[in-house]
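First up is the structure itself, then whatever we jot down about it.
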Amino acid sequence: MKKQKLFLSPPTLSSPLLTILRLISSPFTTTSTAIAAAIANSERSEDDEASLSSPLVIAENDLLRASHKTQHGLHVLDLVDAGALEPTSVIYSSIIKRCTQLQKLKAGKIVHAHFLNSRLKGDVFFHNSIINMYCKCGSLEDAHKAFDEMPSRDMVSWTALITGYAQSDRPREALELFPRMLRLDLRPNGFTFASLFKACGAFSDDETGKQIHGVCIKYGCDLDVYVGSALLDMYARHGNMNEACLIFEHLDSKNEVSWNALIAGHARKEDAETALKLFCDMQRNGFGATHFTYSSIFSACAGIGALEQGKWVHAHMVKSGQKLTAFVGNTILDMYAKSGSIGDARKVFDRLDKRDIVSWNSMLTACAHHGLGKEAVSIFEEMRRIGIQPNQITFLCVLTACSHGGLLREGKHYFEMMKKYKLEPEVEHYVTIVDLLGRSGFLDQARDFIRKMPIEPNAAVWGALLGACRMHKNAELGQYAAERVFKLDPNDAGPCVLLYNIYATAGRWNNAARVRKMMKERGMKKEPACSWVELENSVHMFVANDDSHPEIKEIYTMWEHINGKIKEAGYKPDTEYVFLHADEQEREAKLQYHSEKIALAFALTKMPRGATIRIMKNIRMCRDCHSAIKYVSKVMGREIVVRDTNRFHHFSNGSCSCNDYW
DNA sequence: CTAGGGTTAG
């Protein structure tokens with residue numbers, strides 16, 4: 001055989017890129033086809049480099065002939081170069097397949113280049129696997145180039161590229177290809193549509209998806225499970241659950257994936273009730289819950305803080321013998337943390353065999369939400385000690401934890417530390433520092449910090465300063481910050497309410513009135529406040545001043561009783577923030593029926609003595625409710641946990657875990 | 001040779 005010249009420099013010898021041949025003494029009988037098959041069938045391993053070694057059998061003599069010996073073995077292409085193997089398309093094709101499986105872009109490129117330098121032609125199948133290899137290895141640029149340069153393209157070539165863009169979160173480019181493909185009279189199939197719908201799911205609007213849905217029906221592909229799951233997932237992502245359910249009902253056959261897509265859709269909408277119902281239906285229909293199912297369900301429970309239901313599903317999973325992977329474990333951890341059970345969250349974290357970066361970030365977030373600054377710091381230090389690389393989110397979590405825990409020095413220190421990890425702080429990181437300085441009362445420092453920012457401050461940055469101004473009752477700086485927020489984000493009612501409160505507190509009623517007028521003119525509305533509690537596997541929701549609950553009389557009676565008792569104990573209604581220009585009595589009346597108070601009264605009429613009461617709320621708690629609940633925890637001898645949009649408050653014996661700092 | 005579903009921040 002004639003020795004060929006390598007057209008690229010051979011791979012680094014210390015790190016063999018492709019199949020490694022192991023030295024064992026048995027006769028050399030391997031034909032190129034057998035080798036190729038062995039390469040393709042060699043087992044996958046979790047360890048990247050080791051997995052490249054394949055159990056090829058080759059005689060010592062032939063290896064010696066093949067001269068490019070390395071510490072670990074030989075590169076199969078070196079064998080080709082050395083003339084020990086006759087290169088065929090089958091060999092190239094098998095190696096490309098292997099590179100695809102192992103996501104080895106560099107190796108794939110070398111093989112591709114090597115092939116192009118050979119005299120072999122390669123059919124459309126081969127070129128399609130090249131496109132696929134580049135797509136799966138994450139280089140869409142190379143994939144597109146190979147697509148452009150191949151001798152001729154069929155429907156699969158187009159589909160492979162569309163799929164590549166769809167899977168790489170580049171939906172525009174995926175969809176652009178579709179009409180071009182149709183113009184060439186190529187018939188799309190289910191593979192094509194599945195990828196197109198995945199791409200459409202990334203858009204905020206429905207239109208393109210609906211149009212392609214029509215085309216799909218025309219080609220008779222819409223009842224296929226793959227296409228159907230992609231379709232229903234797309235509608236679910238656009239929030240159209242009715243259409244998603246309809247498609248699900250009409251599927252020819254259902255499988256785990258279609259069930260999971262539907263459940264995930266409801267979970268995304270925080271509709272834990274429907275998600276849980278489907279979870280049961282799925283199993284009644286003979287489909288076992290998978291890791292996908294469990295993650296969606298836990299995340300739905302986390303969304304509304306449904307601790308009891310989350311616990312039930314956790315038990316279900318343990319009984320079913322499912323292995324606890326990091327992915328699902330992270331969602332369980334998050335579920336416990338967001339349901340107020342920080343202790344259970346920590347237990348799950350400690351029991352995870354393999355933690356990934358999300359596990360660490362989730363645990364840090366849990367600490368941040370519960371005001372456990374010191375714990376967050378120690379977890380972060382543990383992470384560094386054992387050499388886990390923090391990412392941008394990690395820093396955001398630990399900075400937030402410092403901010404909520406009042407750890408000023410540590411927060412500044414970690415912000416500086418980002419550089420050491422070669423992470424550029426993003427605007428969100430600046431927000432946490434403004435928040436940290438502002439909460440600690442260093443308002444001027446916070447303002448100077450914003451001035452010196454190397455990137456343009458956004459509404460969130462000024463919003464953090466505004467929040468701090470409200471906390472520390474600084475009307476001048478508050479007004480300054482608010483003006484900037486209004487410019488950058490004119491439609492958010494939140495900052496207006498903050499500024500109104502600042503003026504109201506300062507007794508500047510004229511200014512306050514102007515803010516109200518502005519809100520009216522712009523048609524801005526406060527989000528209606530609501531609170532909910534979980535009771536025996538169902539969730540009870542309350543809106544302020546709403547008396548639609550069937551037991552509302554008992555609830556109000558209970559609140560009157562509580563109100564009397566806490567007043568005796570020293571509670572004074574804090575009316576200064578009430579969004580109403582009214583006399584004292586009216587203002588007090590308005591406060592009485594804040595939704596968390598109603599929810600608390602309800603829980604007190606229903607929950608057994610000694611049971612912790614957990615209340616969730618869709619906006620931040622007001623100062624008056626915070627003060628009232630502190631008294632309730634003392635007078636009634638109850639542990640009360642309240643989750644607002646910002647964090648958790650654990651009330652016990654008259655005080656709160658946030659130390660009135662939130 | 002080409003396809004669908006799940007987690008962390010603000």
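Bear in mind the structure is a predicted one, so any value in this text is a computation, not a measurement. All chains are named by letter (A, B, ...) in the order of the sequence lines, taking the proteins before the strands, and each is independently numbered beginning at 1.
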Among B:dG10, B:dG4, B:dG6, the one nearest any side-chain atom of A:His369 is B:dG10

Rounded to whole Å, CE of A:Met335 lies from C1' of B:dG6 at a distance of 15 Å

With the side chain defined as heavy atoms from C-beta on, A:Phe292 is closest, among B:dT8, B:dT2, B:dG6, to B:dG6

_For a quick check of understanding: with a heavy-atom distance under 4.0 Å over all strands, which category does A:Thr290 fall into, base, sugar-phosphate or nothing?_
base

- Please state whether the base of B:dG4 and the side chain of A:Ser229 form at least one donor-acceptor pair under 3.5 Å? yes

Can you say whether a donor on the side chain of A:Asp224 sits under 3.5 Å from an acceptor on the base of B:dG4, or the other way round?
no

Could you check whether A:Arg355 gets within reach of a base, just the sugar-phosphate, or nothing at all, counting any heavy atom under 4.0 Å?
nothing

- Can a donor-acceptor pair be found between the side chains of A:Asn361 and A:Asn391 at a distance below 3.5 Å? yes

Atom CG of A:Leu161 and atom C1' of B:dC1 are separated, to the nearest Å, by 13 Å

Rounded to whole Å, CG of A:Leu177 lies from P of B:dA3 at a distance of 15 Å

Any A:Lys136 side-chain N or O less than 4.0 Å from OP1/OP2 of B:dA3: yes

Next on the checklist: Tell me whether A:Asp148 is salt-bridged to A:Lys145, with the criterion being a basic N under 4.0 Å from an acidic carboxylate O.
Outcome noted: no

Taking B:dT8, B:dC1, B:dG6 as options, the one with an atom nearest any side-chain atom of A:Ile393 is B:dT8

Worksheet item: Across the strands shown, which category fits A:Gln167 at heavy-atom distances under 4.0 angstrom: base, sugar-phosphate, nothing?
Response: sugar-phosphate

_Mind checking if A:Asp123 touches a base, just sugar-phosphate, or nothing, with heavy atoms under 4.0 Å?_
nothing

Which of B:dG4, B:dG6, B:dT8 is nearest the side chain of A:Ala194? It is B:dG4

message = Base, sugar-phosphate or nothing for A:Val225? Non-hydrogen atoms, less than 4.0 Å.
response = base

Out of B:dA9, B:dT2, B:dA3, minimum distance to the side chain of A:Leu396 belongs to B:dA9

Whole-Å distance, A:Asp233 CG to B:dG6 P, equals 6 Å

Next item on the list: Give a yes or no on this: more than 12 heavy atoms of other residues, nucleotides or ligands lie within 6.0 Å of atom CD of A:Gln322.
Entry: yes

Taken to the nearest whole Å, CZ/A:Phe191 to C1'/B:dA3 is 5 Å

Closest of B:dG6, B:dT7, B:dG4 to the A:Ala230 side chain is B:dG4

Looking across every strand, which nucleic acid part, if any, lies under 4.0 Å from A:Val328 by heavy atom: base, sugar-phosphate, or nothing?
base

(message) Please verify the inter-ring angle class for A:Phe380 with A:Phe395; under 30° counts as parallel, over 60° as perpendicular, anything in between as tilted.
(response) perpendicular

A:Arg170 and A:Glu141 ion-paired at < 4.0 Å: yes

NA contact type, A:Ala460, heavy-atom cut-off 4.0 Å: base, sugar-phosphate, or nothing? nothing

Rounded to whole Å, NZ of A:Lys323 lies from P of B:dG6 at a distance of 21 Å

Should A:Phe327 be counted as stacked on B:dT7, where stacking needs a ring-centre gap under 5.5 Å and an angle between planes under 30 degrees?
yes

With the side chain defined as heavy atoms from C-beta on, A:Asp154 is closest, among B:dC1, B:dG6, B:dA9, to B:dC1

Taking B:dG6, B:dC1, B:dG10 as options, the one with an atom nearest any side-chain atom of A:Ser129 is B:dC1

Rounded to whole Å, CG of A:Leu352 lies from C1' of B:dT7 at a distance of 12 Å

side-chain N/O A:Lys338 vs B:dA9 OP1/OP2, d < 4.0 Å: yes

### Task
State, without any angle test, whether A:Asp334 and A:Ser362 hold a side-chain donor-acceptor pair at a distance under 3.5 Å.
no

Side-chain atoms of A:Thr400 come closest, of B:dG10, B:dT8, B:dG6, to B:dG10

note: A:His404, atom NE2; B:dA9, atom C1'; distance rounded to Å ~ 12 Å

Among B:dA3, B:dA9, B:dG6, the one nearest any side-chain atom of A:Arg237 is B:dG6

- Task: Answer with base, sugar-phosphate or nothing: what part of the nucleic acid does A:Lys254 contact at a heavy-atom distance below 4.0 Å?
- Result: nothing

Within less than 4.0 Å of OP1 or OP2 of B:dT8, is there a side-chain N or O belonging to A:Asn330? no

**Prompt:** Any Lys/Arg nitrogen of A:Asp233 or A:Arg268 sitting under 4.0 Å from an Asp/Glu carboxylate oxygen of the other?
**Reply:** yes

